[in-house]
Amino acid sequence: MTVAGTPPSTSAADRAASPGLELLDRVDPRLADIVRAEEERQRTRLQLLAGESFTSPAVLAVLGSVLTDKYAEGYPGARYHAGCEIVDLAEQLAVERATALFGAEHANVQPYSGSSANLAAYAALLVPGDTVLAMGLPEGGHLTHGSRANFSGRWFDFVGYGVHPRTGLVDMDRVRELALAHRPKAIVCGAISYPRHIDYAAFREIADEVGAYLVVDAAHTLGLVAGGAAPDPVPYADVVTGTTHKLLRGPRGGLILCGAQLARRIDRAVFPFSQGGPHMNVVAAKAVAFAEAATPAFARYARQVVANARTLASGLAEQGLALRTGGTDTHLMVAGVTGLGLDGQQARARCAGAGIVVDKCAVPGDPRPPSAGSAIRLGTASVTCQGMGEAEAALIADLIGRALRGVRGVAAEVADLTARFPPRPGQA
Ligand SMILES: *Cc1c(COP(=O)(O)O)cnc(C)c1O
């Protein structure tokens, strides 16, 4: 399998990116081709998905290590399996680094994903049938915030809050009204397509007023928090859940932070309640990512992600796109495309045709079905990992504007840009 028009490369570049590739060439060439094609796709297209970034070689190396072979149900020092004394060290390191990085009393580093972290958080705090207040799905809530297609909507009684029709910001007065009317056992804040900072202190106040737990789902922003580029939810939340693969640049997985009082309940809710043996290679790779996220270089990355997002958002506005809330405070933005005579699906296809990878997205009150949507959703983590700055972000806005208008020749400029900023060291 090769990506259209480009022969499979066997350069030093992709050997550096995937050290096992030469072995795979011999033992499973079909899969080697698939991995190589994906590397090439990542390298030659502009990656603008809001929830993606590039991991470091160290994270990739630990993910591909022998730690994947080890069964380790339980927690360090209290495992159900024999021979865990070495992987215990890896998990202890991950926990120590996570608690230090986020200033939390307790961290559980075992959740398989952000969704699994939310499942465990709910399991620790709620029983089936309990009422939960969370951002409505059309406004940007995640599937695990009460979708009927998800365990959350099936097992709990979710009430959705929205955004102010004029400002597009979370309507805190309405959140309070709904909290007083429904008396939820937990309030969830955090979203998949909300571009602004969330007022955690205001949520805390409302949670206290109605005696609810406050769960912050920081799946998207955890990396920005680590880098000091977004407000810290830890002092306000009873439980913070998140992913380690989005802005944090770690392996695909979840994380839960909480105070000492809830530590045991959270741990029991992860294992044995909702998971089996932890993926120890992933746990160890999380430890690597937490160490990387504690460096000044990571703080520079986090600040640059936000600066790039601001520049990209204002550039897209100049191109005639309608930015949700008028812009962004974070890495992500939602840009309405109907002013250009397109829906989100069509806009995504036009961008894809030019080598620009964006998601389609609905906006609050979207008249179009979710399969089409009225907007595209973009994030700047991947391009920032590649070393792009505000000049490139402005160029990307211009490229997207032209791609959406069907102007020819954009793909060649995208190819030039991505060639100048390879995603992984050693790639050219
Ligand atoms: C991405 C995301 C999740 C889920 O993470 P997965 O690892 O895909 O399961 C949960 N909540 C929010 C707000 C997210 O953005």
Side-chain angles (χ1 to χ4, degrees), residues 50-51 114-115 117-119 121-122 125-126 129-200 202-204 206-207 209-210 212-221 233 237 239 241-242 322-326 328-330 332-336 338 343-344 359-377:
S115 299
N118 284 348
L119 169 56
Y122 300 161
L125 305 176
L126 310 170
D130 277 347
T131 300
V132 185
L133 185 59
M135 185 175 262
L137 267 56
E139 284 81 23
H142 184 255
L143 280 172
T144 54
H145 300 172
S147 163
R148 294 298 301 173
N150 182 264
F151 76 88
S152 56
R154 190 84 63 82
W155 295 341
F156 304 106
D157 184 12
F158 269 83
V159 176
Y161 57 80
V163 294
H164 194 280
R166 189 172 44 77
T167 60
L169 303 178
V170 175
D171 188 344
M172 293 311 297
D173 294 336
R174 183 80 185 126
V175 172
R176 181 163 177 270
E177 269 170 38
L178 287 169
L180 289 167
H182 294 276
R183 297 268 153 192
K185 183 100 159 273
I187 299 176
V188 178
C189 56
I192 61 169
S193 59
Y194 185 69
R196 296 296 180 177
H197 292 321
I198 290 170
D199 187 347
Y200 299 125
F203 269 100
R204 176 77 262 169
I206 294 169
E209 190 176 351
V210 300
Y213 290 111
L214 182 62
V215 177
V216 174
D217 178 350
H220 267 278
T221 47
V239 177
T241 62
L323 273 290
R324 182 174 173 184
T325 74
T328 181
D329 295 332
T330 62
L332 80 78
M333 67 212 71
V334 174
T338 55
D343 66 25
D359 275 330
K360 66 177 193 291
C361 187
V363 296
D366 205 318
R368 289 174 179 73
S371 57
S374 294
I376 52 177
R377 183 181 67 141

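Only this structure's heavy atoms are used, side chains among them; waters, hydrogens and symmetry mates stay out. Worth saying up front: this structure is predicted, and the values here are computed from it rather than measured.
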Mind checking side chain to side chain donor-acceptor pair (under 3.5 Å) for [X] and listing every partner two or more places apart, or none if nothing turns up?
X      : value
Thr328 : Thr330
Thr144 : Asn118, His142
Tyr161 : none
Asp171 : none

Counterpart residues, salt bridge (Lys or Arg N to Asp or Glu O under 4.0 Å), relative to [X] (two or more places apart):
X      : answer
Lys360 : none
Arg204 : Asp208, Asp238
Asp199 : none
Arg377 : Asp359

Out of curiosity, [X] [atom1] to [Y] [atom2], how far, rounded to the nearest 0.5 Å?
X      : Y      : atom1 : atom2 : answer
Ile192 : Leu143 : CD1   : CG    : 7.0 Å
Met135 : Asp217 : CE    : CG    : 11.5 Å
Thr241 : Leu119 : OG1   : CG    : 11.0 Å

Can you see which heavy atom on [X] is nearest to which on [Y], and at what distance?
X      : Y      : value
Cys361 : Ser193 : SG-CB, 4.0 Å
Ala202 : Met172 : CB-CE, 3.7 Å
Met333 : Pro195 : CA-CB, 4.4 Å
Ala372 : Asp343 : CB-OD2, 3.6 Å

Inset, instruction - Evaluate side chain to side chain contact (heavy atoms under 4.5 Å, CB included) for Tyr194 paired with Val163, printing each intermediate quantity in order. - result: CA-CA 10 Å; Tyr194 185 69; Val163 294; 4.1 Å; yes

Inset, instruction - Kindly indicate, with the supporting measurements, whether the criterion side chain to side chain contact (heavy atoms under 4.5 Å, CB included) is fulfilled by Arg196 and Leu169. - result: CA-CA 8 Å; Arg196 296 296 180 177; Leu169 303 178; 3.7 Å; yes

Inset, instruction - Determine the interplanar angle of the Phe156 and Tyr122 rings, folded into 0 to 90°, and report it as parallel if under 30°, tilted if 30 to 60°, perpendicular if over 60°. - result: perpendicular

Legend entry - Partners meeting side-chain contact (heavy atoms from CB on, under 4.5 Å) with Ala335 (sequence neighbours left out): Leu316, Leu321, Leu323, Ile376, Leu378

Inset, instruction - Using side-chain contact (heavy atoms from CB on, under 4.5 Å) as the criterion, list what pairs up with Asp366, not counting sequence neighbours. - result: Ala362, Val363, Arg368, Ser374

Inset, instruction - Answer yes or no: is there a side-chain heavy-atom contact under 4.5 Å between Phe203 and Ile187? - result: yes

Legend entry - Residue pairs fulfilling side chain to side chain donor-acceptor pair (under 3.5 Å) with at least one residue in residues 148-158, sequence neighbours excluded: Asn150-Ser152

Inset, instruction - Identify which one of Val175, Val170, Ile198, Leu133 satisfies the side-chain contact (heavy atoms from CB on, under 4.5 Å) criterion when paired with Cys189. - result: Ile198

With a cut-off of 3.5 Å and sequence neighbours excluded, list every side-chain donor-acceptor pair involving residues 177-184.
from: Glu177; atom 1: OE1; to: Arg174; atom 2: NH1; distance (Å): 2.9

